[in-house]
Amino acid sequence: MIRAEGLTFDYERLDEEGNVEEKKRAVDHVNLHIRPGAFIAILGHNGSGKSTFAKHINAILTPTEGTLFVDGMDTKDEDKLWEIRQDAGMVFQNPDNQIIGTVVEEDVGFGPENLGVPTDEIWQRVEESLSAVGMLKYRHHSPNRLSGGQKQRVAIAGVMAMHPRCIVLDEPTAMLDPNGRKSVIKTARKLNKEEGITILLITHYMEEVIEADHVYVMDSGKVVMEGTPKEIFSQVEELKRLRLDVPQATLLAYELKKRGILLPDGILSNEELVDELWRLKSKM
Amino acid sequence: MAIKVKNVNYTYAEGTAYEIHALKDINLEIPDGQFVGLIGHTGSGKSTLVQHLNGLMKATGGTIYYNGKDIYGEGFSMKELRSKVGLVFQYPEHQLFEIDVLTDVCFGPRNLGFSKEEAEEKAKAALRLVGMKEEYDRRSPFELSGGQKRRVAIAGVLAMEPEVLILDEPTAGLDPKGRDEILDQIARLKKERGITIVLVSHSMEDVARYVDRIIVMNQGQVKFDGVPKEVFRHYKELEEIGLAAPQVTYLMQELKAKGAEVDTDATTIREAADAIENWLKGRQG
């Protein structure tokens, strides 16, 4: 689905004459391969290069060096631009910057309309997409009156209506309250499981990563760790050094281990920790 | 007694078809030096409430006393109130605009009428207070990282030497380390300077870890008001109004549900670890 080969990106600062004054390498020789239907998470501190990388996936940015393939298409190939953008949709952090329609269903229909989809089919897609994110009953509402989580789900529906094979979510829950966060992550998981859409989730909330198939950790533009959530979150100290964190259950298990309580590595959820503690207690 | 909110009501677009009763009969007292967490789902009224505390919005009913004085009373200086009660908005770094960090932070005290020298002195003190080193003073704010920009923006408010600092989601979008750094700085301000802090947050873990008291807003009313462990005992009711308890509170409840005799009041990692250790060792001995 997505294949990066030596992907490198430099931000350039130009002086008044247009000469390059300063270069900053934001993405540094990233190689990765994401198979169709996977649920992938990317972690990294502010400025680690993860958003710059994500913007390559739908060709908002193109590599300074190296190549990025989306569904076999090179993102540098301008003839393929529209196909790539239809294939890989993006959802950003701030819901208010992404919604343009005055009525929910119009907003969702904007994408397919732009693609030249026939009117009947637009309405059909709008209905399907809103129902997939659980927002169908709000179709006639004004987006202004929705909560943050609802707005983000409308933004996801807008991407869905373009029938993408992949959705990149760049910190979609950063501005939401707990319920909004839950509803957006649930929606992403559902689209992944039921519709087979490849999901790339960029987040600072470690709890949202627990169920991902694979996790990449970025630092200074490079992929510095990768593996299953269990493998990644077993490395508490290393993640802290990278300005990151681990899920609360993992952190609690780590604290208990420091106090001499024998627990295995890689505990991610409350259920796992409760089970392990119970096992420990019954052996005493 | 720093702030006293008495029977405050606020209605948007009163008398029209769009009328919304955003605050309903709010009564609160926030004593000097307290670290208060204000939580509530989007639209619960918490932002409306904090904008009343520094006089940006005027109650349609009731009143607010600041250090015993009615802020709507005759002769009360709103300008002074706004310098005493500093409000840091969401994504405050979007409001940075000056040519360098120091000039940006000087803007507040200059506006209050301080001379350039005095303003710079206050700005420098505020920047050091949020952990920004002197080497950044002459840099453009736009060259800084997200966490640094946010700290500069907070310093911009601190330079006015407020007695109360209200922060609306100061950690949204920051990485975990950046989040901890900001919250640690804020906790230090409270401890070392005795500044009263009101922290508006969507992170129950952060609130549990730092604050002395939690105020929960729902539909324009105060739903709960107490120390973290009291408030989070109502986790089921909190869920009904779009909130939650910290993760560890759920873990303790799950352990208890399995039959473990543990204290379920834990709201932080350390408290949970203590309770689990006691439970494990208690049976041992």
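All chains are named by letter (A, B, ...) in the order of the sequence lines, taking the proteins before the strands, and each is independently numbered beginning at 1. Because only heavy atoms are used, hydrogens play no part in the values below, and waters and symmetry mates are left out as well, while side chains stay in.
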Decide, yes or no, whether a salt bridge links [X] with [Y] under the criterion of side-chain N to carboxylate O below 4.0 Å.
X: B/K46; Y: A/D177; answer: no
X: A/R243; Y: B/E181; answer: yes
X: B/D274; Y: A/R259; answer: yes

Inset, instruction - Can you tell which part of A/I261 gets under 4.5 Å to a heavy atom of chain B, answering side chain, backbone, both or neither? - result: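 Contact with chain B involves the side chain of A/I261 alone.
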Legend entry - Segment of A/E271 engaging chain B (4.5 angstrom heavy-atom cut-off):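 Backbone plus side chain of A/E271, per the 4.5 Å heavy-atom cut-off to chain B.
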As an exercise: rank [options] by heavy-atom pairs under 4.5 Å with chain A and give me the winner.
options: B/H41, B/R270, B/Q247; answer: B/Q247
options: B/A244, B/G173, B/A172; answer: B/G173
options: B/E205, B/E239, B/E169; answer: B/E205

Heavy-atom pairs under 4.5 Å with chain B: which of [options] has the most?
options: A/N94, A/T203, A/L239, A/L256; value: A/L256
options: A/K240, A/R181, A/M175, A/K182; value: A/M175
options: A/E255, A/E207, A/K258; value: A/E207

Inset, instruction - Provide the closest heavy-atom pair for A/N270 versus B/Y250 in the form atom of the first, atom of the second, distance. - result: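 So the minimum-distance heavy-atom pair works out to ND2-CB, 3.7 Å.
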Chain A contact via [X] - which portion, at a heavy-atom distance below 4.5 Å:
X: B/L238; value: neither
X: B/L174; value: both
X: B/M252; value: neither

Between [X] and [Y], is any pair of side-chain heavy atoms under 4.5 Å apart?
X: B/E254; Y: A/W278; answer: no
X: A/P178; Y: B/M204; answer: yes
X: B/L243; Y: A/N179; answer: no

Legend entry - Nearest-0.5 Å distance that lies between atom CD in A/E22 and atom CD in B/E143: 7.0 Å
Inset, instruction - Please report the C-alpha distance between A/D275 and B/K258 in whole Å, then the side-chain angles of each, then the deciding distance to 0.1 Å, and finally whether the salt bridge (charged side-chain N to carboxylate O under 4.0 Å, His left out) criterion is met. - result: CA-CA 10 Å; A/D275 287 346; B/K258 275 201 146 196; 3.3 Å; yes
For atom [atom1] of [X], is the number of surrounding heavy atoms from other residues, nucleotides or ligands below 6.0 Å larger than 12?
X: B/L56; atom1: CG; answer: yes
X: A/I100; atom1: CD1; answer: yes
X: A/K186; atom1: NZ; answer: no

Inset, instruction - Provide the full list of salt bridge (charged side-chain N to carboxylate O under 4.0 Å, His left out) pairs with a residue in residues 133-146 of chain A, sequence neighbours left out, each pair given once. - result: A/E105-A/R139, A/E127-A/R139
Legend entry - Residue pairs passing the salt bridge (charged side-chain N to carboxylate O under 4.0 Å, His left out) test where at least one lies in residues 223-237 of chain B, sequence neighbours excluded: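 Found B/R213-B/D225, B/R233-B/D265.
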Inset, instruction - Pull out the residues in residues 39-49 of chain A that come under 4.5 Å of chain B, heavy atom to heavy atom, sorted by number. - result: A/H45, A/N46
Pair up each side-chain donor or acceptor in residues 244-252 of chain A with any protein partner under 3.5 Å, not counting sequence neighbours, and list the distances.
unit_1	atom_1	unit_2	atom_2	d
A/D245	OD2	B/R179	NH2	2.9
A/T250	OG1	A/I267	O	2.6

Inset, instruction - I would like to know whether B/T42 and A/L176 meet side chain to side chain contact (heavy atoms under 4.5 Å, CB included); could you show each step before the answer? - result: CA-CA 8 Å; B/T42 316; A/L176 307 183; over 6 Å; no
